[in-house]
Every structure is written in C-alpha cells, then in structure tokens.
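Step one of this worksheet: look at the structure below.
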Amino acid sequence: MKTIFVQIKCELGRAYDVADTCVQDVEQVSEVHSTSGKYDLMIKCYLDDDADIGHFVTENIQKISGVRDTFTLIAFKAFS
C-alpha cells in the first residue's frame, strides 16, 4: 500500500459537501481534515502499490462537485 495526501481547494461554501462526498464515496479515503491556508481540506488515502496516483486523483477527487484545485503529496514512510 502507498499513502498519499491530497489538499483540496473548494468552491466557496462547498467544503463540507466535498468532505462528505470524499468520506462516503471514495473508498480509498481514510481521513478528511479541514485546514486553514491555501487549501480547505486535506485527505489521506491508501492506494494499492500498482495504482496510478494521477489517474486516481483526476478520476476520483477532481471530479467531485465543488472541487476547484488539488495538490497531491506522496508519503514515503510513517514514523511513530
């Protein structure tokens, strides 16, 4: 499994709708957080090792109604 974080900029007034859709409709999403700054939401996703990250983001995240922009980060290692 690989972990990615996707920051999402939403249309005005749509952050809660986008967050709900991410949680309910995208099975790879494990967490959704509201954030301050340039982006409104940050989601944590777990993808299969052979999954195409670009395809996942463009097909599953960017097509959600209310999403204006995304910024994707790939995580290499989790520390505890």
TODO: Can you establish whether the number of heavy atoms outside E59 located under 6.0 Å from its atom CD is more than 12?
DONE: yes

- [ ] Taking the side chain as every heavy atom from C-beta outward, state whether I8 and C22 have any atom pair closer than 4.5 Å.
- [x] yes

Task: Value rounded to 0.5 Å, distance of CG in L47 from NE2 in H55 - done: 12.0 Å

- [ ] Find out if a path of hydrophobic residues (ILVMFWY) with successive side-chain heavy-atom gaps under 4.5 Å connects Y46 to I61.
- [x] no

Task: Heavy-atom closest pair, residues Q7 and Y39 - done: CB-CG, 3.6 Å

Open item on the list: Can you give me the closest heavy-atom contact between K2 and A51, atom names plus distance?
Closed with: NZ-O, 2.8 Å

Open item on the list: Do Y16 and V6 sit in one hydrophobic cluster, given that two such residues count as connected whenever their side-chain heavy atoms are within less than 4.5 Å of each other, even indirectly?
Closed with: no

TODO: State, to 0.1 Å, how close L41 and A19 come at their nearest heavy-atom pair, and which atoms those are.
DONE: CD1-N, 3.7 Å

Open item on the list: I'd like to know whether M1 forms a side-chain contact (heavy atoms from CB on, under 4.5 Å) with D48, so could you lay out the CA-CA distance, the side-chain angles of the two residues, the decisive distance to 0.1 Å, and finally the verdict.
Closed with: CA-CA 5 Å; M1 295 293 269; D48 291 331; 3.6 Å; yes

Task: Distance (rounded to the nearest 0.5 Å) between E11 CD and D17 CG - done: 10.0 Å

Task: Nearest non-hydrogen partners of A15 and D40, listed with the distance - done: CB-CB, 4.3 Å

Under 3.5 Å, which donor-acceptor pairs link side chains of residues 67-80 to any protein atom two or more places apart or in another chain?
{"from": "T70", "atom 1": "OG1", "to": "Q62", "atom 2": "NE2", "distance (Å)": "2.8"}

Open item on the list: Quick check on the hydrophobic clustering: are V18 and M42 connected, directly or via other members, by side-chain heavy-atom contacts under 4.5 Å?
Closed with: no

Task: Gap between atom CD1 of I4 and atom CD1 of I43 - 0.5 Å precision - done: 7.0 Å

Open item on the list: Distance check, rounded to the nearest 0.5 Å: T58 atom OG1 versus N60 atom CG?
Closed with: 8.0 Å

